[in-house]
Amino acid sequence: MIKQYKKIYKSILNEIIKYDTIAVYRHTSPDFDASGTQNGLVTWLKDSFPNKKIYPLGKDFIDFTPRLYPHIDEVSLDNQDFLAIILDTGNSERIDNQSFKNAKSIVRFDHHPKVETIGHIELVDDSLASCSELVLDFISCFIKKYPLSPLAAKYFYSGIVGDSGRFLFSSVSIHTFEMAELCLKTGININKDVYLPMYEKDFHDLEIQQYLLNHYVLTDKGVAYYVLKDQDLKELNLRTEQGKNYMSMFSNIKGINCWVAISEDKEKGEFRVSLRSKEKAINKVAEMFRGGGHAQASGAKLSSLDELPSLIEELNKLF
Ligand code: AMP
């Protein structure tokens, strides 16, 4: 356990004990860490406090449900006192379901660089590889009284491997492995329960990779990017949020310093941008284009492709 957080962990547990209704939130367009932490915490809360009403909030992400995480029911929290626990979200407008604003008390666990205060109790540590790692650390403080079940461990483990790039990123530490150990000790089968549903690909994915290898652009500064316009997405049978799923094929290539996926969101009239980098921090560039995130993994938005040359220019300047 991270010693300096012991006091704050106790005050968070007191808030949990105080409320009969607890709603657990994460960011929109969830990734493995957002959904894994949410489902892990919801499962642990339900196991530990069977008489409380515990609700996960947010829209289902069809790539994940039901393959990895269960369906989320819609609930109304009107006219009741509840505790909101917000996970893995740096800025309040990205919280999936804004009903957290009506909560009597708000607790936040996050590992993004702090840009905003959202909760009454905030635990934000951007040195940690994943939000799952932070919430598991909190749970480890009370694990004798409130044990971790294999189901909760499976969810948290998916968050750890998702946001640490399968233990590859520089944010991985001894603590990351200690929290993974906590999950493994519950007896989960990581191959069957976690890696297979997370990473299994099919021939359609191979065809998309082939298309992207034929269409990506590489600048002389080592910035690689691909653009999927609405028409491309339709032809490839992809949804906007799936456009970024193929970026990792550029991650270990000598000569590529930073790689970017740009996918059109026709409904919103914008382009979603995912940015990844080997070493240099790219989150400041993401912030210049309506986004943010971590040093090596950020997201942003372009209102049109007219902004693409300036995005690429800003990235080129880093190398
Ligand atoms: P993505 O490329 O969508 O996987 O996002 C990478 C990281 O950047 C995640 O930690 C996201 O939470 C964060 N992120 C993505 N989009 C935004 C945004 N518009 N504003 C702030 N952070 C973002």
Side-chain angles (χ1 to χ4, degrees), residues 25-35 57-69 71-72 74 88-99 112 162 198 201-219 223-250 258-277 282-283 285-294 297-315:
Y25 299 78
R26 41 80 179 151
H27 61 76
T28 54
S29 309
D31 50 20
F32 295 123
D33 191 28
S35 290
L57 273 273
K59 286 198 194 79
D60 282 340
F61 179 41
I62 61 171
D63 276 359
F64 287 173
T65 305
R67 202 164 52 109
L68 261 172
Y69 310 115
H71 161 71
I72 297 178
E74 273 185 32
D88 195 38
T89 314
N91 30 351
S92 51
E93 89 265 13
R94 288 191 80 229
I95 298 171
D96 195 346
N97 200 313
Q98 295 282 311
S99 60
H112 291 89
M198 281 176 86
K201 302 256 186 269
D202 58 24
F203 288 109
H204 178 231
D205 293 309
L206 268 188
E207 281 162 21
I208 293 162
Q209 288 187 22
Q210 184 178 30
Y211 173 89
L212 294 173
L213 287 173
N214 284 330
H215 289 82
Y216 80 96
V217 180
L218 178 65
T219 74
V223 176
Y225 64 95
Y226 60 80
V227 180
L228 291 166
K229 294 189 198 155
D230 189 60
Q231 187 62 28
D232 306 320
L233 291 167
K234 281 198 179 102
E235 280 169 19
L236 294 168
N237 197 17
L238 284 177
R239 284 171 287 104
T240 303
E241 58 274 25
Q242 293 175 308
K244 68 174 182 182
N245 288 357
Y246 304 90
M247 317 178 63
S248 61
M249 62 183 172
F250 297 103
C258 155
W259 50 107
V260 186
I262 299 138
S263 315
E264 185 166 6
D265 187 336
K266 185 96 187 198
E267 235 170 73
K268 291 196 178 147
E270 62 189 23
F271 287 77
R272 275 197 217 175
V273 184
S274 281
L275 306 109
R276 306 288 185 264
S277 154
I282 31 94
N283 48 342
V285 174
E287 282 167 25
M288 292 163 70
F289 294 88
R290 304 166 205 89
H294 308 285
S298 290
K301 285 170 192 164
L302 301 181
S303 47
S304 83
L305 284 184
D306 294 344
E307 289 185 305
L308 181 60
S310 35
L311 170 70
I312 301 304
E313 195 185 314
E314 290 302 330
L315 291 170

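Throughout, numbering of the chain's residues begins at 1 and tracks the sequence. What you see is a predicted model; the values in this text were computed from it and never measured. Just so you know, these numbers use all the heavy atoms, side chains as well, and skip hydrogens, waters and symmetry mates.
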Report task. Might you work through the side chain to side chain contact (heavy atoms under 4.5 Å, CB included) test for L68 and S35, ending with a clear yes or no? Result -> CA-CA 9 Å; L68 261 172; S35 290; over 6 Å; no
Query raised in the report: Which atom pair, heavy atoms only, marks the closest approach of A286 to S298?
Result: CB-CB, 3.6 Å
Query raised in the report: Partners of H215 by ring pair (Phe, Tyr, Trp, His ring centres under 6.0 Å), sequence neighbours excluded?
Result: Y211
Query raised in the report: side chain to side chain contact (heavy atoms under 4.5 Å, CB included) with S29: which residues, sequence neighbours excluded?
Result: R272
Query raised in the report: Can you tell me how far the CG atom of N245 sits from the CG atom of L238, to the nearest 0.5 Å?
Result: 8.0 Å
Query raised in the report: Any idea how H112 and H294 line up, ring-wise: parallel (<30°), tilted (30 to 60°), or perpendicular (>60°)?
Result: parallel
Query raised in the report: Ignoring hydrogens and geometry, is there a side-chain-to-backbone donor-acceptor pair from Y225 to L275 under 3.5 Å?
Result: no
Report task. Using salt bridge (charged side-chain N to carboxylate O under 4.0 Å, His left out) as the criterion, point out the one residue from D88, D96, D31 that pairs with R26. Result -> D96
Query - Shortest non-hydrogen separation from I262 to L302 and the atoms involved - result: CG2-CD1, 4.4 Å
Query raised in the report: Can you name the residues that form a side chain to side chain contact (heavy atoms under 4.5 Å, CB included) with E270, not counting sequence neighbours?
Result: D265, K268, K301
Query raised in the report: Taking only residues two or more places apart in sequence or in another chain, which ones pass salt bridge (Lys or Arg N to Asp or Glu O under 4.0 Å) with D63?
Result: R239
Query raised in the report: ring pair (Phe, Tyr, Trp, His ring centres under 6.0 Å) with Y216: which residues, sequence neighbours excluded?
Result: F250
Query raised in the report: Which atoms form the tightest heavy-atom contact between A34 and H27, and what is the distance?
Result: CB-NE2, 3.4 Å
Report task. Could you pull out all residues at least two apart from M288 that satisfy side chain to side chain contact (heavy atoms under 4.5 Å, CB included)? Result -> E314
